[in-house]
Amino acid sequence: QLQLVESGGGLVQPGGSLRLSCAASGFTLDYYAIGWFRQAPGKEREGVSCLGRSNDKIYYTDSVKGRFTISRDNARNTVYLQMNSLKPEDTAVYYCAADRSPRFTTVQAMCGSARVDEYDYWGQGTQVTVSS
């Protein structure tokens, strides 16, 4: 079955850390640009960080710069999002998405679009709650 599976979410206190994983099943992530998106209650889905296919292009939304790090492990067919210094406003369901085409000219453009139909695969999401 071709799918992306996120894991690593949970409840963490402000200032804490989590590492989210996005594992591909049935296909190889090497050929895909990967984006991490999040959706908080009552808000639209937004791009958090995006990684180009060759790993040389990385984008972070302003609110997570210096705190989050995106990375890829081809041997494990997995992309990670290391989240440090977490804040209550980071609370959301986090999704990863994969684009092979690529449909976007830049990783910033990729993170600027959370339309489901513009990606080849989406994960089911993992909940991150930052609260004391």
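Note: hydrogens, waters and symmetry copies are ignored here, and every other heavy atom, side chains too, is used.
- For Gln127, the side-chain hydrogen bond (donor to acceptor under 3.5 Å, both in side chains) partners two or more places apart in sequence, or in a different chain, are Thr129.
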Original post:
Passes side chain to side chain contact (heavy atoms under 4.5 Å, CB included), Leu51 versus Lys57? Steps please.
Top reply: CA-CA 6 Å; Leu51 176 66; Lys57 306 295 183 185; over 6 Å; no
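- Residue Arg72 comes nearest to Ala33 through the heavy atom pair NH2-CA, 4.5 Å, listed as atom of the first residue, atom of the second, then distance.
- Heavy-atom minimum distance, Ser49 versus Leu81: CB-CD1, 4.1 Å.
- Transitive grouping of hydrophobic side chains (ILVMFWY, heavy atoms separated by less than 4.5 Å) brings Val79 and Val48 into a common cluster.
- Counting heavy-atom neighbours within 6.0 Å of Arg76 CZ, excluding the residue itself, gives a total of 12 or less.
- Residues forming a side-chain hydrogen bond (donor to acceptor under 3.5 Å, both in side chains) with Asn77 (at least two apart in sequence, or on another chain): none.
- Nearest heavy-atom pair, Arg45 versus Ala114, reported as atom, atom and distance to 0.1 Å: O-CB, 3.8 Å.
- Residues in residues 13-30 take part in these side-chain hydrogen bond (donor to acceptor under 3.5 Å, both in side chains) pairs, two or more places apart or across chains: Ser17-Asn84.
- When side chains are defined from C-beta on, Leu20 does not count as touching Glu6, because their heavy atoms never get closer than 4.5 Å.
- Scanning for side-chain hydrogen bond (donor to acceptor under 3.5 Å, both in side chains) contacts around Arg100 gives an empty result, with sequence neighbours left out.
- Side-chain contact check for Val93 versus Thr126: every heavy-atom pair is 4.5 Å or farther apart.
- A chain of hydrophobic side-chain contacts below 4.5 Å, direct or via other Ile, Leu, Val, Met, Phe, Trp or Tyr residues, connects Trp36 to Leu86.
- The backbone N or O of Val130 sits less than 3.5 Å from a side-chain atom of Thr91, completing a donor-acceptor pair.
- The hydrophobic clustering, which links ILVMFWY residues whose side-chain heavy atoms are closer than 4.5 Å, places Tyr80 and Tyr121 apart.
- Taking CD1 of Ile34 as the start and OG of Ser71 as the end, the distance is 11.5 Å to the nearest 0.5 Å.
- Scanning all heavy atoms of the two residues, the minimum distance from Pro14 to Ser131 falls at CD-C, 3.6 Å.
- Hydrophobic clustering, with ILVMFWY side chains joined whenever heavy atoms are under 4.5 angstrom apart, groups Tyr32 together with Leu2.
- Shown here are the salt bridge (Lys or Arg N to Asp or Glu O under 4.0 Å) partners of Asp90, two or more places apart in sequence or in another chain: Arg38, Arg67.
- The side-chain hydrogen bond (donor to acceptor under 3.5 Å, both in side chains) test applied to Lys65 returns Asp62, not counting sequence neighbours.
- Checked against the 6.0 Å centroid criterion, the rings of Phe104 and Tyr59 do not qualify as a close aromatic pair.
- The aromatic rings of Phe37 and Tyr119 sit perpendicular, their planes meeting at an angle over 60°, well past the 30° parallel limit.
- Residues Ala40 and Ala92 come closest through the heavy atom pair N-CB, 3.8 Å.
- In Glu44, the CD atom is not crowded: 12 or fewer heavy atoms of neighbouring residues, nucleotides or ligands sit closer than 6.0 Å.
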Original post:
Can you list the steps and then say if Arg103 with Asp120 is a side chain to side chain contact (heavy atoms under 4.5 Å, CB included)?
Top reply: CA-CA 10 Å; Arg103 293 179 175 82; Asp120 298 288; 3.4 Å; yes
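- A side-chain donor-acceptor contact under 3.5 Å links Trp122 to the backbone of Val116.
- Counting heavy atoms from C-beta on, the side chains of Ile58 and Gln108 never come closer than 4.5 Å.
- Here the CG-OG distance, from Leu18 to Ser7, works out to 11.0 Å after rounding to the nearest 0.5 Å.
- Looking at Tyr31 and Leu29, their side chains never come closer than 4.5 Å, going by heavy atoms from C-beta outward.
- Val128 and Tyr95 fall into different hydrophobic clusters, defined by Ile, Leu, Val, Met, Phe, Trp and Tyr side-chain heavy atoms under 4.5 Å apart, directly or through other members.
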